[in-house]
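Small disclaimer: the values here were computed from a predicted structure and weren't measured.
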Amino acid sequence: MRVLVTGGAGFIGSQVVDALAARGHEVVVFDALLASAHSGTPRPRAAGELIVGDVRDPDAVDGALRGVDAVCHQAAMVGLGKDFADAPEYVGCNDLGTAVLLAAMARAGVPNLVLAGSMVVYGEGRYTCAEGHGVVRPGPRAESDLRAGRFEPRCPSCGAELTPGLVAEDAPADPRNVYATTKLAQEHLAAAWARSTGGRALSLRYHNVYGPGMPRDTPYAGVASFFRSSLAAGRAPRVFEDGGQRRDFVHVRDVAAANAVALEALRDRADGQFTAYNTGSGDPHTVGEMARTLADACGGPAPVVTGEYRLGDVRHVTADSARLRAELAWKPEVDFRSGMREFAEAGMRG
């Protein structure tokens, strides 16, 4: 197939391009090369024609879609951001950009879409009440609790301690910040496009993607990038809260492979169908553990747990990726410790 990869010069997109080319697909890379995503010179492309353009530009997107059979939509503004002043740019890049792309796909008759989704659409993950209230969904944590160092959410019915578990795709969406809201809106747009045009769409809800090529020196990078930048400068990673936040860290090559198998699976899907898949390693770790593992691999100073916090962050969210494994025969290949060691040695882009 001839595949357009939006954001194809970025951290995840460039790995998707490589994975698709390795499976014999013809790839077109479409990327605006924004400084907020690249913070330096993009990695040279070993595969794929490069078109420099913005997904918010209908003329540029129309041109890039000529002769294309499918789209892997990776272009997005990511991360929690600096403050709410970022909201217009998030909505413009993520939601307007997606709407422009989907409208162009409808005009061009391109029927297949793989969307870079995110686990942030869930808000907090899955919790069970220790006092018998079963599965519960705690609301946003109060700033007064965070200031006092009370980081664990409590049962909304009785205030008891909660046990975190794996969240599945049928969990209700509960986006807690602007970025999360835009990622959920992207999925709704993709589902509406599929129903309206008879297209086929998959969303891969990425968990915490890390690996070589992560951007650095940008406030929109992921937590692994922040830690790695600190260690490269000889500084101790600064871990927020108490370091006990649970996440699913998944290697970028595994995410790229998921995109490739998802793209190929679309050919067998019913017209008008939209499906979301969690895309994680299935091996949760705490943020503190990740910082220690990365520091050890770098030979750098031990992390410092600061007790600081960011409003809009969630405490625990980890994936149940069983559906992706069962339906698309995908499984992650890179284990946590070897992946972090590779990341420490390979460094980042920028």
Would [X] and [Y] pass as an ion pair if we require N to O under 4.0 Å?
X: Arg325; Y: Asp320; value: no
X: Arg23; Y: Glu264; value: yes
X: Glu131; Y: Arg154; value: no
X: Glu124; Y: Arg137; value: no
X: Asp54; Y: Arg56; value: yes
X: Arg150; Y: Glu241; value: no
X: Arg147; Y: Asp145; value: no

Sequence-distant partners of Ser203, side chain to side chain contact (heavy atoms under 4.5 Å, CB included), two or more places apart | Leu115, Glu187, Arg205, Phe274, Ala276
Is there a donor-acceptor pair closer than 3.5 Å between any side-chain N or O of [X] and the backbone N or O of [Y]?
X: Gln273; Y: Asp271; value: no
X: Arg141; Y: Asp313; value: yes
X: Asn278; Y: Ala319; value: no
X: Asn112; Y: Arg200; value: no
X: Asn94; Y: Ala76; value: no
X: Trp330; Y: Ala260; value: no
X: Thr182; Y: Tyr179; value: yes
X: Ser196; Y: Ala192; value: no
X: Tyr90; Y: Val78; value: yes
X: Arg228; Y: Ala344; value: yes

Using side-chain heavy atoms (C-beta onward) and a distance below 4.5 Å, is [X] in contact with [Y]?
X: Arg238; Y: Glu308; result: yes
X: Thr98; Y: Val55; result: no
X: Arg253; Y: Glu342; result: yes
X: Arg292; Y: Leu294; result: no
X: Leu166; Y: Arg126; result: no
X: Phe249; Y: Val223; result: yes
X: Arg315; Y: Glu152; result: yes
X: Cys158; Y: His133; result: yes

Honestly curious: do [X] and [Y] fall in one hydrophobic cluster under the side-chain, below-4.5 Å linking rule?
X: Ile12; Y: Val71; answer: no
X: Val121; Y: Val91; answer: no
X: Val114; Y: Trp193; answer: no
X: Leu33; Y: Val28; answer: no
X: Leu231; Y: Phe343; answer: yes

Show your reasoning for whether side-chain contact (heavy atoms from CB on, under 4.5 Å) applies to Thr306 and Val239.
-> CA-CA 6 Å; Thr306 69; Val239 180; 5.9 Å; no
Looking at every non-hydrogen atom in both residues, tell me the closest pair between [X] and [Y] and how far apart they are.
X: Ala108; Y: Leu65; result: CB-CB, 4.4 Å
X: Thr286; Y: Gly244; result: CG2-O, 3.8 Å
X: Pro153; Y: Leu162; result: O-CD1, 3.7 Å
X: Val334; Y: Gly339; result: CG1-CA, 3.6 Å
X: Ala19; Y: Ala256; result: CB-O, 3.8 Å
X: Gly234; Y: Pro301; result: O-CG, 3.7 Å

Under the side-chain contact (heavy atoms from CB on, under 4.5 Å) rule, what do Val135 and Tyr127 come out as? Steps first, then yes or no, please.
-> CA-CA 6 Å; Val135 175; Tyr127 292 88; over 6 Å; no
Interatomic distance, [X] atom [atom1] to [Y] atom [atom2] [nearest 0.5 angstrom]:
X: Asp62; Y: Met105; atom1: CG; atom2: CE; result: 12.0 Å
X: Tyr277; Y: Arg323; atom1: OH; atom2: CZ; result: 5.5 Å
X: Ser338; Y: Glu333; atom1: OG; atom2: CD; result: 11.0 Å
X: Ser230; Y: Arg235; atom1: OG; atom2: CZ; result: 4.5 Å
X: Arg246; Y: Met290; atom1: CZ; atom2: CE; result: 14.5 Å

Check the pair Val27, Val5 against side-chain contact (heavy atoms from CB on, under 4.5 Å), reporting the backbone distance first and the verdict last.
-> CA-CA 7 Å; Val27 184; Val5 181; 3.8 Å; yes
Regarding Asp296 and Thr293, is there a side-chain donor-to-acceptor distance under 3.5 Å anywhere?
-> no
Check: Tyr309/Asp242 side-chain N/O donor and acceptor closer than 3.5 Å = no
Has Glu327 got more than 12 heavy atoms of other residues, nucleotides or ligands less than 6.0 Å from its CD?
-> yes
For Arg107, look at atom CZ and say whether over 12 heavy atoms of other residues, nucleotides or ligands are found less than 6.0 Å away.
-> yes
Residues Phe226, Met214; criterion side-chain contact (heavy atoms from CB on, under 4.5 Å); working and verdict | CA-CA 10 Å; Phe226 295 147; Met214 286 190 84; over 6 Å; no
Pair Tyr210 + His251: ring centers closer than 6.0 Å | yes
Below 6.0 angstrom between ring centroids: does that apply to Phe336 and His285?
-> yes
In this structure, which one of Leu102, Leu263, Leu4 forms a side-chain contact (heavy atoms from CB on, under 4.5 Å) with Leu113?
-> Leu102
Could you check Asn259 against Tyr206 for side-chain hydrogen bond (donor to acceptor under 3.5 Å, both in side chains), going step by step and ending with a plain yes or no?
-> CA-CA 11 Å; Asn259 275 272; Tyr206 302 159; 2.9 Å; yes
Please walk me through it: do Ser281 and His207 pass side-chain hydrogen bond (donor to acceptor under 3.5 Å, both in side chains)?
-> CA-CA 8 Å; Ser281 70; His207 279 247; over 6 Å; no
Yes or no on salt bridge (Lys or Arg N to Asp or Glu O under 4.0 Å) for Arg247 and Glu289, after CA distance, side-chain angles and deciding distance?
-> CA-CA 10 Å; Arg247 297 292 188 268; Glu289 182 183 359; over 6 Å; no
